[in-house]
Amino acid sequence: KAGVTQTPRYLIKTRGQQVTLSCSPISGHRSVSWYQQTPGQGLQFLFEYFSETQRNKGNFPGRFSGRQFSNSRSEMNVSTLELGDSALYLCASSHRGGPLGANVLTFGAGSRLTVL
Amino acid sequence: GIQVEQSPPDLILQEGANSTLRCNFSDSVNNLQWFHQNPWGQLINLFYIPSGTKQNGRLSATTVATERYSLLYISSSQTTDSGVYFCAACTSGTYKYIFGTGTRLKVLA
């Protein structure tokens, strides 16, 4: 079956602009998580959605937001871009059971954002 | 929150050598995964291993949950094993994985 699909793969923006990234999970997966990877901070959790509800959010400013649609596809948005937002943004999906169920993440190829 | 530490940070091996990568975590976890990040940035899932031992070809992993560590073994390493290996852990009742800082492995021909 198809894996996790992220679009666009590469993009270049300038400071002050906004960007929207998309993630289509593996069919049947209802949980989508987003992570930011930078050389300085490593891999950091942004947020997680399940059945259109954000269940957890990382320590990022309000400029970072996301949503999930009824078909489990997710988008994340970054407004008023800063140079430090340049990063690889990774999306993962999971077929998660209950709160104590196994949560096995499968990642997409990522969206590499460069802010000039 | 939980802290995840990996060692060593860097590792250089000759092709054919064996290696052990370590992951320590500061709290009880109910989910733990090992990933390999390829040169294009994609994270490839190697093992989901909150406890016990698993093997997949030349790779194997062991998690001792009571002692809060996990080990990834790579045997007969190949140049294609090069890249960064990440351990990530998730505690009960949360929905976010915390990643370690990774082990950068270079296998020389």
Side-chain angles (χ1 to χ4, degrees), chain A residues 3-6 9-10 23 26 29-51 53-60 66 68 86-114, chain B residues 1-10 21 23-52 54 56 61 63 65 70 83-105:
Chain A
V4 179
T5 303
Q6 290 189 245
R9 292 290 317 280
Y10 302 91
C23 173
I26 291 172
H29 285 192
R30 295 168 64 191
S31 171
V32 174
S33 304
W34 289 90
Y35 290 80
Q36 181 198 63
Q37 186 176 27
T38 59
Q41 299 298 319
L43 277 150
Q44 293 187 287
F45 172 81
L46 280 157
F47 21 65
E48 187 261 0
Y49 289 89
F50 182 86
S51 292
T53 299
Q54 185 184 90
R55 296 193 296 188
N56 210 336
K57 190 176 191 301
N59 295 326
F60 281 83
Q68 186 181 34
S86 294
L88 179 64
Y89 290 88
L90 291 159
C91 166
S93 77
S94 147
H95 177 68
R96 186 185 177 93
L100 300 181
N103 185 22
V104 183
L105 299 184
T106 300
F107 279 88
S111 293
R112 190 170 296 278
L113 170 65
T114 301
Chain B
I2 185 174
Q3 311 226 354
V4 179
E5 295 180 350
Q6 291 185 243
S7 60
D10 296 281
L21 283 57
C23 170
N24 293 330
F25 40 94
S26 61
D27 203 350
S28 300
V29 299
N30 67 333
N31 292 280
L32 189 140
Q33 285 186 255
W34 283 95
F35 297 93
H36 176 218
Q37 188 164 41
N38 66 23
W40 297 272
Q42 182 157 11
L43 285 168
I44 308 299
N45 181 30
L46 297 176
F47 293 102
Y48 172 77
I49 186 163
S51 63
K54 290 186 178 180
N56 184 4
T63 297
S70 182
V84 185
Y85 290 80
F86 288 100
C87 164
C90 181
T91 57
S92 174
T94 71
Y95 305 99
K96 65 177 182 180
Y97 271 87
I98 303 300
F99 279 76
T101 51
T103 292
R104 186 174 299 274
L105 173 66

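It should be emphasised that the depicted structure is a prediction, and the values quoted were computed from it without experimental measurement. The sequence lines fix the lettering, A, B, ..., with proteins before strands; numbering per chain opens at 1.
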Other residues, nucleotides, ligands: >12 heavy atoms within 6.0 Å of B:Q3 CD = no
[X] [atom1] to [Y] [atom2] distance, which is reported to the nearest 0.5 Å:
X     : Y     : atom1 : atom2 : value
A:Y35 : B:K96 : OH    : NZ    : 9.0 Å
A:Q41 : B:F99 : CD    : CZ    : 15.0 Å
B:Y97 : A:S94 : OH    : OG    : 7.5 Å

inquiry  = Tell me if a side-chain donor or acceptor on B:Q42 pairs with a main-chain N or O of A:F107 at a distance below 3.5 Å.
reply    = yes
Donor-acceptor contact below 3.5 Å, side chain B:N31 vs main chain A:N103 = yes
inquiry  = Once side-chain hydrogen bond (donor to acceptor under 3.5 Å, both in side chains) is applied, do any residues pair with A:Q36, and if so which ones, sequence neighbours excluded?
reply    =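 By the side-chain hydrogen bond (donor to acceptor under 3.5 Å, both in side chains) rule, A:Q36 matches A:Y89.
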key: Largest heavy-atom contact set with chain B, pairs under 4.5 Å, which of A:G108, A:G110, A:S31   =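 Winner by heavy-atom pair count: A:G108.
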note = Interface check, chain B: of A:L43, A:L88, A:L46, most non-hydrogen pairs under 4.5 Å belong to A:L43
query = Should A:L105 and B:L43 be marked as a side chain to side chain contact (heavy atoms under 4.5 Å, CB included) after you check the CA-CA gap, both sets of side-chain angles, and the distance that decides it?
reply = CA-CA 10 Å; A:L105 299 184; B:L43 285 168; over 6 Å; no
query = B:C90: what forms a disulfide (SG to SG under 2.5 Å) with it, not counting sequence neighbours?
reply =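 None.
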ask   = Does B:N45 reach the side chain of A:V104, with side-chain heavy atoms less than 4.5 Å apart?
value = yes
query = Side chain, backbone, both or neither: which part of A:Q37 has a non-hydrogen atom closer than 4.5 Å to chain B?
reply =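 For A:Q37, the contact with chain B is made by the side chain alone.
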